[in-house]
Structures are given as C-alpha cells and as structure tokens.
There are 4 protein chains.
Amino acid sequence: MIIDGCPAQLDVDLDYIQSELDKRKPGQSKITTQRKESDTVKILSGIFEGKTTGTPIAMLIPNEDQRSKDYTHNVDIFRPSHADFTYQVKYGIRDHRGGGRSSARETAARVAAGAIAKLLLKTQGVEIVAHVSSVGKINAPNVEIHSAQEFIDEREKNIVRCADPATAEEMIAYIDAVRKRGDTVGGKVSCYIQNCPVGLGEPVFDKLHADLGKAMLSINAVHGFEYGSGFEGSEMHGSEHNDIFLKNKQGDIVTRTNFSGGIQGGISNGMPIEFKVAFKPVATIMQSQPTVDSQGNEAEISGKGRHDPCVVPRAVPIVEAMAALVIADHWLRNRNSFIEVKG
Amino acid sequence: MIIDGCPAQLDVDLDYIQSELDKRKPGQSKITTQRKESDTVKILSGIFEGKTTGTPIAMLIPNEDQRSKDYTHNVDIFRPSHADFTYQVKYGIRDHRGGGRSSARETAARVAAGAIAKLLLKTQGVEIVAHVSSVGKINAPNVEIHSAQEFIDEREKNIVRCADPATAEEMIAYIDAVRKRGDTVGGKVSCYIQNCPVGLGEPVFDKLHADLGKAMLSINAVHGFEYGSGFEGSEMHGSEHNDIFLKNKQGDIVTRTNFSGGIQGGISNGMPIEFKVAFKPVATIMQSQPTVDSQGNEAEISGKGRHDPCVVPRAVPIVEAMAALVIADHWLRNRNSFIEVKG
Amino acid sequence: MIIDGCPAQLDVDLDYIQSELDKRKPGQSKITTQRKESDTVKILSGIFEGKTTGTPIAMLIPNEDQRSKDYTHNVDIFRPSHADFTYQVKYGIRDHRGGGRSSARETAARVAAGAIAKLLLKTQGVEIVAHVSSVGKINAPNVEIHSAQEFIDEREKNIVRCADPATAEEMIAYIDAVRKRGDTVGGKVSCYIQNCPVGLGEPVFDKLHADLGKAMLSINAVHGFEYGSGFEGSEMHGSEHNDIFLKNKQGDIVTRTNFSGGIQGGISNGMPIEFKVAFKPVATIMQSQPTVDSQGNEAEISGKGRHDPCVVPRAVPIVEAMAALVIADHWLRNRNSFIEVKG
Amino acid sequence: MIIDGCPAQLDVDLDYIQSELDKRKPGQSKITTQRKESDTVKILSGIFEGKTTGTPIAMLIPNEDQRSKDYTHNVDIFRPSHADFTYQVKYGIRDHRGGGRSSARETAARVAAGAIAKLLLKTQGVEIVAHVSSVGKINAPNVEIHSAQEFIDEREKNIVRCADPATAEEMIAYIDAVRKRGDTVGGKVSCYIQNCPVGLGEPVFDKLHADLGKAMLSINAVHGFEYGSGFEGSEMHGSEHNDIFLKNKQGDIVTRTNFSGGIQGGISNGMPIEFKVAFKPVATIMQSQPTVDSQGNEAEISGKGRHDPCVVPRAVPIVEAMAALVIADHWLRNRNSFIEVKG
C-alpha cells in the first residue's frame with residue numbers, strides 16, 4: 001500500500017497504526033472469523049526519524065495464514081454473491097486462491113492508510129468515530145457523543161463494537177446464534193466526524209458527502225449510504241427539515257438542528273458530520289447451496305474456510321479509515337480555495 | 001459544458017438531447033417552479049455532419065430568465081439549508097445572484113451530457129430508465145419493466161413522472177397541497193439499467209455502484225443512495241440474500257434473485273442494475289424563517305422567487321443522465337480489461 | 001475554454017487578458033498571416049465584480065473570420081506535415097474545414113488561460129518573459145534581464161519580438177524574404193522565469209522541467225525543449241557544470257553559475273528558470289507539392305489561405321502562457337508540501 | 001513499484017524483466033559505479049501462472065548495498081547541483097542517507113515497469129531500441145536499423161552501449177580518462193520506436209511527443225529532448241522540412257522523409273518514431289568543491305562513495321523503459337478513439 005501526497009513533517013506513531021489494524025484483524029473474538037493473522041505492518045519508505053518526509057509512504061502487511069488449499073474446491077465454481085463470475089468474465093482469467101481483490105483482506109491496507117490520515121487530521125482537532133448501530137433488525141438507540149475518546153472506550157468494551165452496552169449484548173447473542181446455524185447476517189455502521197472545519201468539499205461533482213459515499217460504497221459488502229436526514233429526510237417537509245442558523249455563545253454561526261448532517265451544498269458547515277452505512281450479510285455461509293461452474297453446469301457448493309458470521313464489528317475501523325482519507329484529501333485540497341489578498 | 005473522451009463516429013441526434021433537457025426544464029407543470037426557460041442547447045464543437053469527431057463536445061445553454069433582482073434581498077443573509085454560508089466561508093466571496101454552482105440550474109449541463117452518453121450506450125443495447133418511486137410517505141408499488149420505451153411512455157403520461165398511474169395521481173394531489181401552503185416535500189427516484197454488459201466496474205475503489213453512488217450524491221438535494229437490497233439487505237441473512245446462479249434458456253449464466261442489484265464485487269453481472277436515490281425537501285419555502293446575516297446578527301427571511309415544491313419530477317432525467325455517464329465511462333474503461341491472445 | 005482550480009479573490013484585469021491575446025492574434029504585421037481576427041475574449045463565468053469566485057472560469061473567443069471555402073480544396077487530400085492523415089486514421093472521420101484541434105487557433109485559449117495564471121503569479125512576485133532568440137540560423141546574443149517590464153518593452157518595439165534590436169532587424173528582413181518566395185522558416189523562443197520561489201516541482205515524474213517540457217512540446221510545431229545548460233550541457237564535465245552554492249548579500253543561498261537553469265532535482269532552487277523551445281517551419285507553403293489523397297492516389301497541393309511565414313513572433317505569448325500555467329499549478333500544489341508543526 | 005491498468009492475460013516473462021534490470025544495475029563495468037547490487041526483482045501481486053490477472057502488478061527490488069555511512073559526511077551540507085538544498089526547503093526535512101527520490105536508484109522501478117510495457121507492445125509488433133549516440137563531444141554516426149534485435153546485439157557488444165563499434169571504443173577510452181581524473185562527463189541517448197501503429201497520441205495537451213518528452217525529462221540528469229528534426233529543424237525551411245506522402249509497395253501511406261520523427265499533429269503516423277535525450281554530467285565528482293551548509297556557512301565537500309563517471313551507458317534501458325510506458329499508455333487509450341459503426 002502506498003500513500004502519495006501526505007505533507008512532510010507529520011509525526012507518525014507506528015503503534016497507533018498497528019492498534020487500528022488490530023481492530024480489523026481476523027480472529028478477535030467468537031463472533032469473527034477464526035483465521036489467525038497478526039496483520040503486522042512494516043513501513044518501507046516515507047518516514048524518517050518518526051516523521052513523514054514528503055516521500056510516498058509504502059507499507060507492507062504480509063499474508064501469514066495463506067491456506068490456498070482451503071480454496072481448491074472453488075477452482076471452477078462460481079460462489080453465489082461473490083465476485084468469481086464477474087472477475088472471470090471481466091478478465092478472462094482468475095486466481096482462484098481466495099477472492100483476490102474482492103477479499104476483505106484488501107481492507108487492511110485501507111485501515112493502515114486511514115490511520116495516517118487520522119494522525120494528520122488530529123493535528124487540526126478533527127476526530128472521526130464510528131460504531132455498530134444495527135445488526136439485522138436490532139438497532140441501537142442514538143448515542144450522544146461527549147468526547148471521541150470516551151465513545152471509543154465505551155465501544156471497545158464489547159466485541160461487537162456498539163457504543164450502547166445493552167444493545168451490544170443483544171447483538172452479540174444474536175450473531176452467535178446465527179453463526180451456530182451456519183448462517184450470516186448484515187448490519188449498519190454509523191459514523192460521526194467532530195470538529196471538521198467549515199469549507200471542506202467541492203460544489204459540484206466532488207461534494208463532501210459524494211466522496212464520503214463513494215468511499216463507503218467501495219468497501220466490500222456495502223449496499224447503502226445516507227447522511228444527515230438520509231432516506232427519512234425524503235419523507236419530510238422543508239419547513240421541518242431546514243436547519244435554522246443562529247450564533248452560539250462562542251460567537252460561531254451554527255444550526256439549531258442538523259438534518260444537513262454537517263454538509264450544505266456539498267461543503268462542511270462546521271456541525272458534526274453524520275452518516276450511516278448498510279452492509280449486506282456475508283455471502284459465504286456454512287450451508288450447502290446450488291450454483292454453476294464456468295461452463296454453466298449445475299454444481300453444489302458448501303462453505304469451507306473460516307469466515308465472519310457478521311462483518312460489521314470488523315468494519316468499524318474500515319469505515320473510520322475511509323472517512324479519514326476523504327476528509328484529509330479535502331482538507332489538503334481546500335487550502336487552495338482562496339488566496340490571501342495582501343495589503 | 002464540455003465532454004471529453006467521447007469516441008468518434010457516434011451519431012448524435014440533437015432533437016433527442018433537447019427532448020431530454022425538456023424533461024428537466026422549469027415551468028413544465030403546476031407542480032414545478034413557474035420560472036420559464038426554454039433551456040435550448042447549442043453545440044459549439046465536436047460534432048460534424050451529425051457525428052462525433054473525437055474533438056471535445058462543447059454545448060451551451062444560455063440563461064434566458066435571469067432575474068437578479070429576485071435575489072437582492074439575500075445579499076447579506078444566509079438562507080437556511082442552502083450553500084450561502086458554506087460558500088462564503090470557503091471562498092471568502094460570494095456571487096449572491098442565485099446559488100451559483102449550488103443552483104439546480106447546474107444540472108441542465110448534466111442532462112445534456114448524459115443524453116450523449118445514452119446515445120453511446122444505445123449502440124450497445126443498454127437502456128437506462130428511472131421514475132419517481134415515492135413522494136413524502138407515498139410509495140409506488142414495484143413496477144415490472146417489459147420494455148424501456150413502454151416504461152418511459154407510461155411515466156410521461158403524468159406530470160410527476162411515476163410509472164404507476166394510480167400512485168401518480170395521489171402524488172400530484174399531495175404536492176399541490178404542499179405547494180399551496182408554501183411548503184415543500186422530499187421524495188425518491190428509482191433507476192433501472194437494462195442489458196448492461198457483464199464486466200463493467202473496477203474491483204477496489206471504482207466499484208460500479210461506488211461510482212453510481214457518488215454520481216447520485218453529487219446531484220443537489222440527494223441525501224441517500226442504495227442499490228440492490230440496499231438498507232433492507234442489512235437486515236437479511238446470507239442464506240436468503242445470496243443470489244443463486246443458474247443457466248437460462250439462452251445459455252447465459254444469470255441469477256435467480258437479484259439482491260445484488262446487478263453488481264457483484266463492484267462489477268456488473270448482466271442482471272438489471274437497480275438503485276434508489278433519496279432527495280430531501282427543497283430548502284426554499286414560501287414561509288418566513290429566522291436566520292442570521294454574515295455578521296451573525298439575527299435576521300428573517302421569507303422565500304421569494306419561483307421554486308419547486310418537490311424536486312423529484314424534474315430529477316428523473318438527471319438521475320438517468322448521471323447513470324448514463326457512469327456506465328459509459330466504465331464501458332469505455334472496460335474495453336482495456338484484457339488483451340486478445342493471438343494464435 | 002475553462003479553468004478550474006483558480007483560487008477565489010484574485011483580481012482579474014480583463015484588459016490585461018485581452019492585451020495578451022492581441023500579441024498572439026493574426027494580422028499583426030507583414031511577417032504574420034494576413035487573416036484578420038480581433039480574438040475578443042468574453043468571460044462567461046467565474047468572475048464577479050472583478051474577482052475570481054472559485055467557480056470555474058469559462059471564456060469564449062468567437063471565430064470571426066471563418067472562411068470554410070479556403071479549405072474545400074483539401075477535403076480529400078492529406079497536406080504534407082499536417083495532421084490530416086493522422087486524424088483521419090485515428091478517428092475515421094475528419095472535419096476538413098481547417099485543422100480542427102491541430103489549428104494554431106487553439107492556442108488562443110492557452111494565452112487567455114495563461115494570462116490569468118500570470119495574474120496569480122504576479123501576486124507572488126513571479127514574472128515570466130520570453131522572446132524570439134533565433135530565426136532560421138540567425139541567433140540573438142544572450143540578453144541580460146534587468147526588469148521584466150523593460151525586457152517586454154524592448155521586445156515589443158519590433159514585430160519579430162526579439163529583445164535585441166539589431167538581431168530583430170535582421171530577422172524581420174529574412175522572414176520577409178522567405179515569405180516573398182512562398183516559403184517558411186523555423187526559429188526558437190527563449191523563456192525566463194524570475195523570482196520563482198524555491199520548492200516548486202515534484203521529485204519524480206512531475207519534475208518542474210518535465211512539466212514545462214511537456215507544456216512546450218504540446219504547442220503546435222515545437223520539436224525540441226532544453227533547460228539550463230541543455231544539449232550543450234551534455235558535452236560538459238561535472239567539474240565545470242556544477243553550480244557552486246554561496247550566500248549572497250541578502251543572506252539567501254544562491255548559486256554562482258546557473259547551468260541547472262533554476263531547477264535541481266526537478267525542484268526550483270530560486271535562481272532564474274531558463275529554457276529554450278525549437279519550432280519547426282510552418283508546413284503550409286505557397287508552393288506546389290506532391291501528396292496523396294485518402295485512397296493513396298497521387299495528388300498535388302498548393303497552399304492557399306493566409307498563413308504565417310514564421311511562427312515564432314506569435315509564439316512568444318503562447319510560450320509565456322504555458323509556462324505560467326505550469327508554474328501556477330506547481331505553486332498551488334506546493335502549498336501542501338508540509339504541514340506547520342504547532343507548539 | 002506498482003503498475004495499475006495493465007490488461008489481463010498478458011504473458012509475463014520474469015527472466016526478461018530481470019535481464020532489463022541487469023542493463024541498468026550498478027557495477028557492470030569499469031566505466032560505471034563500482035557499487036554492487038543484484039537488483040533482483042520480486043513480484044508481489046498481479047501475476048498468476050505466468051499471466052497478468054488485471055490486478056495491479058507490485059514488484060519489489062530490495063536495496064542490498066545500503067552503506068548509510070557513505071553519506072554521513074553530507075548530513076548538513078548541500079552538495080552542488082544535487083537536490084539536497086531544494087528538498088530541504090520544499091519539505092523542511094531531509095533523509096540525508098543518499099538522495100532519496102533524487103537517487104538514480106529510483107530508475108530501477110522504471111526499468112522493471114517498462115519491461116512489462118515492452119512485453120505488452122511486443123504483442124502488437126512494436127519494438128523500442130536506444131543507444132548512446134554521444135559522450136561529451138564524441139558523436140556516433142547515424143545508424144540504420146534493420147532489425148531491433150540485431151541493433152541491440154551490436155550495442156550490447158560494448159560496455160558503453162553504442163551501436164557503432166568504432167565510436168564505442170573512442171567513448172570508452174574517453175570516459176575512462178575522465179574517471180581517472182575524478183571528473184564526470186555528459187552524453188546523449190537516441191531512441192527509435194519501430195512499427196508503432198498510426199493514431200497514438202492526443203491532439204492537444206497529450207501529444208505523443210509531449211508525453212515522450214515529459215517522460216524523458218523526468219529521468220535524472222536529463223536537460224534536453226528533441227524529436228524528428230529537433231533543434232536543427234528550427235533552422236530549416238518548410239519546403240525542405242515537409243515530409244511528402246506517398247504510397248509504398250505494400251499499399252501503405254508513408255512519407256519520403258521523416259523530419260516529423262514519426263509524429264504529426266501529436267499523433268503517430270506509422271513512420272519510425274525518433275528522439276534524442278541530453279544528459280548533463282553526473283554532479284558527484286571525486287574532487288574537492290566549495291559549498292555551504294544549511295545555515296549558509298561556507299563548507300567544502302569532496303566526493304566519496306561510488307559513482308558513475310558518465311551516466312548514459314546505464315541510461316539506455318531507462319530511456320527505452322520510459323518510452324515503452326508512454327507508448328503502451330497511448331495504445332490502450334487509443335482503443336477508444338472511435339466506436340465501430342454496425343450495420
């Protein structure tokens with residue numbers, strides 16, 4: 001994985017990057033895949049004496065637990081709702097040992113890169129936090145965020161990464177039951193960006209929420225994205241949806257409500273940025289399913305290998321990482337939005 | 001508006017482009033803004049004797065009904081849930097005559113460009129159709145699409161652009177009532193892409209649905225995007241969500257269900273591509289609202305000018321246009337996915 | 001023509017843009033083409049009350065003197081050393097009315113855009129000046145530049161745009177003689193960038209001189225580019241070519257010589273940037289030449305229309321404009337080279 | 001190093017990639033640096049059973065002979081005509097152990113990537129060959145190329161990589177003499193592209209020769225680029241410079257002369273593409289030189305380490321590699337220049 005364009009002189013805390021990766025790695029708990037990998041990151045370039053130098057930052061996370069034989073039964077069979085069929089047609093060739101770039105393993109690189117983006121944003125006071133807000137039909141109540149660190153501490157107390165302890169317990173029990181019957185279930189991750197400066201985002205195609213949406217939809221298994229009032233907002237009236245401006249005690253212009261989700265006209269307005277991401281259930285189930293082979297002949301497939309019964313607990317750091325990359329890019333880009341007029 | 005990268009030798013039907021623009025133009029009916037503009041498109045370059053030449057295609061849609069004085073009351077006031085405040089902070093300067101690039105007028109260029117993308121895709125048999133699937137809490141039932149043209153014909157029979165006639169009537173009455181009390185309401189547009197070839201989309205960041213999502217979220221007032229099973233899919237189990245492959249009578253590999261929405265691993269699988277877009281209610285209402293001026297002083301604003309009570313009827317051609325641009329880009333890109341191995 | 005990414009709040013002097021265009025326009029003197037066009041620029045967007053707003057700047061220069069019939073004799077014939085043949089094969093279609101994008105007219109847009117880049121750079125004290133340093137085998141001596149304005153004033157005193165008056169006279173007489181016998185001749189333009197800040201340019205692919213080189217080579221008729229010691233530098237030894245660093249009276253680190261042409265490791269070092277651009281002779285001559293038609297049949301062509309006997313006098317503003325665009329881009333880009341470490 | 005966008009199904013010969021790297025590696029002969037590195041390339045992704053899969057191709061060339069202590073004397077001193085000073089100012093931080101991205105070592109990645117581009121182009125019959133055409137003031141006569149392989153065989157018979165044996169001997173003796181007195185010398189590399197299809201290159205900014213020029217100017221130490229008639233062409237008349245079209249025995253449209261260097265209007269015309277690249281003398285010399293430190297204090301520097309007395313013999317594979325990357329990119333891009341009209 002290579003990051004280009006990171007400014008020089010940023011302090012890089014390698015332990016922090018690793019701790020972020022640890023939240024995504026497999027084998028964390030009974031409700032994640034039992035594959036064991038340390039996902040240890042190694043920095044190849046771009047950092048000298050703890051600081052970025054302006055050189056592209058290359059990081060490598062070696063694959064330690066490669067069991068190609070787990071996949072030999074899939075050589076010529078298209079797994080349902082996987083990318084086997086589309087890759088085969090698109091490229092006319094396919095490396096059957098795992099999913100290649102459609103493997104969730106690909107997201108480790110995103111988390112490592114996102115950790116550096118988070119460090120850059122922290123120098124500006126920006127904090128990005130996410131948690132599991134629903135599993136199947138179990139929904140967490142809205143959580144008020146007092147401080148980013150407290151929120152994370154609360155969330156990390158349970159293995160499903162939901163900041164509401166009562167809901168977390170319910171979710172864990174549910175995922176475990178789903179896992180035992182060889183099935184999987186989907187869920188949602190909610191993300192909050194605090195202290196984002198006003199002005200990030202471009203007015204037309206690269207609206208801040210459009211780039212956040214693309215980033216989220218590029219994560220494996222994501223089927224939906226909404227920000228602010230989202231899909232519910234489409235049922236509201238303008239008179240209730242409009243966020244009224246007012247001056248707060250610090251003299252800043254803020255809004256009374258935040259149906260805009262911190263973004264107006266594609267540009268951050270200083271209010272918390274809020275969005276939600278929907279993940280479909282993992283396609284690999286431990287049950288027998290009919291399918292076809294590459295010639296279209298009928299075949300049968302039964303899940304082997306070690307897979308997640310529910311992807312959202314491990315998706316939390318990925319959502320945060322992708323959000324950080326988008327915000328960092330727009331922060332850099334926005335530094336050229338106007339020139340200082342001298343004199 | 002300029003399109004670069006359109007292949008040469010494409011037949012361009014100027015009447016078709018204009019007819020697409022006519023579906024977006026203001027002043028169409030009692031449930032759209034009463035502003036009158038012909039939105040007549042003029043081609044400046046790139047087309048010779050009815051065909052594209054490979055030269056960038058420049059098109060101009062002059063602004064005929066510019067009433068700057070409609071906006072003079074807004075010079076120093078931030079309209080709620082508009083981009084006035086964010087533009088002012090981002091650029092330090094603002095052209096107060098209308099919304100600039102945050103004006104919905106900007107979408108006319110998208111429709112004109114999208115019309116050319118549609119013509120390109122039609123040479124490959126790809127058809128893109130959308131309609132209004134909900135207004136406020138009024139939802140249309142699922143509509144089966146037999147032919148793209150029939151669907152469009154049905155949809156164009158009513159002014160709200162819903163392909164279900166009974167729901168359309170209900171929607172129109174509702175929008176009209178909302179309009180009469182000076183308010184606005186949101187809604188949703190559903191889009192279907194038929195006959196899309198297998199293989200479009202890139203495996204990691206530029207997944208087909210990620211680019212579709214970004215394109216939709218870049219349209220004014222959009223607050224959410226979902227494809228295939230979408231947000232509901234996050235409540236399902238893998239065993240019910242997986243799309244089972246089978247060979248159809250024509251010998252093609254298809255899927256029994258289509259929760260994947262025609263896209264697997266970010267790449268089109270040949271099934272219909274289906275997605276839904278949520279629009280918030282229009283922010284300009286004909287009611288008095290509190291706000292602040294650029295110094296943060298309290299102020300009051302009451303909507304003047306001529307605005308839409310509900311944006312979705314005019315958003316239908318915009319959604320189709322943006323979808324066409326994304327699919328056309330990926331179709332061109334995919335032509336280099338592999339090289340033919342000779343002999 | 002559209003410029004995107006220009007910062008807001010820049011003062012834009014429309015008269016200045018027009019004066020730059022006037023240096024490129026046809027019909028200026030007996031040694032340029034006799035075509036008459038005012039090349040009047042019209043601003044369509046991006047400027048409000050004399051300042052940029054951050055919106056893309058669209059400018060239009062209408063074609064006033066379009067004489068398509070001047071070109072009807074060329075419909076099916078490939079003019080030697082023109083782009084007729086390559087366009088026909090590349091696109092399979094060709095607009096025979098003039099050269100399309102291979103027409104020198106295309107460079108008017110570059111000059112208009114470059115004028116805005118120059119205005120941006122002037123706010124930073126950067127000055128870009130060029131002149132004709134050779135015509136055919138007539139070479140101007142090296143000119144010392146005291147002030148950019150003086151240099152330009154001197155250059156503009158003669159119609160060939162050479163800052164050395166004696167050489168200018170010789171060049172003018174030579175071009176006029178060439179013109180009278182229906183022939184054309186090549187030449188060179190030398191360009192100097194004064195007060196460029198240290199640090200512009202990227203270390204690997206986007207080296208400052210690589211981007212300058214590409215920009216110059218993208219101008220019609222350019223066949224060569226060199227900077228600093230250039231081709232002669234390849235004949236030198238390291239011991240004579242190395243630019244020794246020293247501290248000047250102002251305390252700045254400068255170099256004793258400037259064989260590096262103001263750029264080291266692809267990055268500006270604060271010394272004047274110097275480069276030279278070679279233009280081939282104009283291909284359209286007023287003499288009869290053999291050629292082929294699109295079927296490869298032998299044909300004969302004799303130049304009609306109104307063309308330049310030597311392109312370099314009108315190329316001077318184009319070279320300056322392209323240099324300004326490159327430097328402005330790198331100046332904006334460099335603002336993110338490092339972050340300020342607080343505390 | 002990562003290549004993205006290489007089509008799937010290309011046969012990749014790892015030995016070929018390594019053999020290209022061997023032509024660039026240090027320690028080849030008495031006239032190159034005595035640093036010893038095997039430059040062994042390892043493929044990390046993108047190739048499966050000898051073929052590309054469409055996945056990005058990652059290759060790693062570990063640094064074996066890192067002698068950081070060779071550089072400790074330079075920690076706070078700016079080497080003349082190196083990038084030390086410009087990097088320090090641009091980034092405010094500098095890894096003093098070698099030149100970082102300004103190190104010639106960076107070009108190994110270019111050669112490895114270029115080898116894959118060459119393999120892609122070979123499937124289309126395109127051959128790219130270069131040789132040393134001058135060292136200091138010693139110039140090779142023009143060499144006629146009968147076959148690419150013969151040319152390379154001839155060139156590889158001598159350590160300076162000049163395809164003219166007599167000149168090669170003279171060059172070798174000269175470089176050796178320069179080396180013995182601790183000095184360095186510049187030179188030129190000429191490159192020829194055979195069997196390039198008609199139509200590669202874009203008409204305006206991305207002209208084929210503009211992209212070739214940028215690619216060459218991005219190589220360390222390059223100070224000049226010319227193609228076809230180049231700088232000499234600026235001294236010619238149109239009547240002698242125009243390349244007359246004719247139909248050859250095979251029925252192809254060719255040109256009698258090739259002053260256009262195989263490119264007209266920025267687009268390849270099917271004739272051999274010819275260009276020349278000028279390299280300045282290597283800056284590190286084994287002689288004592290005055291300089292300054294980072295505070296501007298006077299200092300002295302004497303070259304240590306192991307450096308090349310003349311860079312051009314090792315630059316030959318780099319020039320070929322960069323040319324291959326540009327041509328491959330434009331070949332891929334050109335596949336979308338027009339659509340086939342059916343029926």
Side-chain angles (χ1 to χ4, degrees), chain A residues 78 80-81 83 86 89-92 101-102 136-137 183-188 198-199 203-205 207 209-210 213-214 217-218 223-226 228-231 233-239 241-245 247 253 264-265 267 269 278-283 285 290-292 296 337-338, chain B residues 78 80-81 83 86 89-92 101-102 136-137 183-188 198-199 203-205 207 209-210 213-214 217-218 223-226 228-231 233-239 241-245 247 253 264-265 267 269 278-283 285 290-292 296 337-338:
Chain A
F78 297 140
S81 289
T86 52
V89 176
K90 183 177 184 72
Y91 298 112
R101 283 190 284 169
S102 73
K137 288 176 175 153
D183 210 344
T184 60
V185 67
K188 303 190 196 87
V198 188
V204 184
F205 297 114
K207 290 184 163 84
H209 57 267
K214 175 170 176 174
L217 288 157
S218 79
H223 268 226
F225 170 87
E226 61 179 9
S229 62
F231 273 83
S234 73
E235 300 182 354
M236 293 169 72
H237 293 111
S239 55
H241 191 278
N242 281 353
D243 295 316
I244 301 305
F245 286 112
K247 185 152 74 170
I253 294 176
Q264 289 177 326
I267 297 167
N269 69 354
F279 290 80
K280 67 160 189 168
V282 171
I285 57 176
T291 187
V292 296
S337 62
F338 60 85
Chain B
F78 297 140
S81 290
T86 52
V89 176
K90 183 178 185 73
Y91 300 112
R101 283 190 283 170
S102 72
K137 288 177 175 152
D183 210 343
T184 60
V185 67
K188 302 189 196 89
V198 188
V204 184
F205 297 114
K207 290 184 163 82
H209 56 267
K214 175 169 176 175
L217 289 156
S218 79
H223 267 228
F225 170 86
E226 61 179 10
S229 61
F231 273 84
S234 74
E235 300 181 354
M236 293 169 72
H237 293 111
S239 55
H241 192 278
N242 280 353
D243 294 317
I244 301 304
F245 285 112
K247 185 151 73 169
I253 294 176
Q264 289 176 326
I267 297 167
N269 70 354
F279 290 80
K280 67 161 189 169
V282 171
I285 57 177
T291 187
V292 297
S337 62
F338 60 85

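In what follows, chains are A, B, ... by sequence order, proteins preceding strands, each numbered from 1.
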Which region of V282(B), side chain (C-beta onward) or backbone (N, CA, C, O), has a non-hydrogen atom less than 4.5 Å from a non-hydrogen atom of chain A, or is it both or neither? backbone
So which of A83(A), G213(A), G187(A), G228(A) has the biggest tally of heavy-atom pairs under 4.5 Å with chain B? G187(A)
I need the residue from G296(B), G224(B), S234(B), P290(B) with the largest number of non-hydrogen atom pairs under 4.5 Å to chain A. S234(B)
Proximal component of F231(A), with respect to chain B [non-hydrogen, under 4.5 Å]: both
Looking at every heavy atom in both P203(B) and Y91(A), which two are closest together, and how far apart are they? CG-OH, 3.2 Å
According to the interplanar angle, ranging from 0 to 90°, do the rings of H241(B) and H223(A) count as parallel (below 30°), tilted (30 to 60°) or perpendicular (above 60°)? perpendicular
At a 4.5 Å cut-off on heavy atoms, which part of V89(A) comes close to chain B: side chain, backbone, both, or neither? both
Could you check if a side-chain atom of E235(B) sits within less than 4.5 angstrom of a side-chain atom of K188(A), using non-hydrogen atoms only? yes
Interatomic distance, CG@L217(B) vs CZ@F225(A), rounded to 0.5 Å, equals 6.0 Å
Please rank S337(A), S229(A), P281(A) by heavy-atom pairs under 4.5 Å with chain B and give me the top one. P281(A)
Chain B contact via D183(A) - side chain, backbone, both or neither, heavy atoms under 4.5 Å: side chain
With respect to Q264(A), which candidate in P80(B), S102(B), S81(B) satisfies the side-chain contact (heavy atoms from CB on, under 4.5 Å) definition? S81(B)
So, the part of K214(B) with a heavy atom under 4.5 Å from chain A: the answer is both
Given heavy-atom pairs under 4.5 angstrom as the criterion, report whether the side chain, backbone, both or neither of K207(A) touches chain B. side chain
Check each atom of I285(A) against the heavy atoms of chain B and say whether the ones under 4.5 Å are side chain, backbone, both or neither. side chain
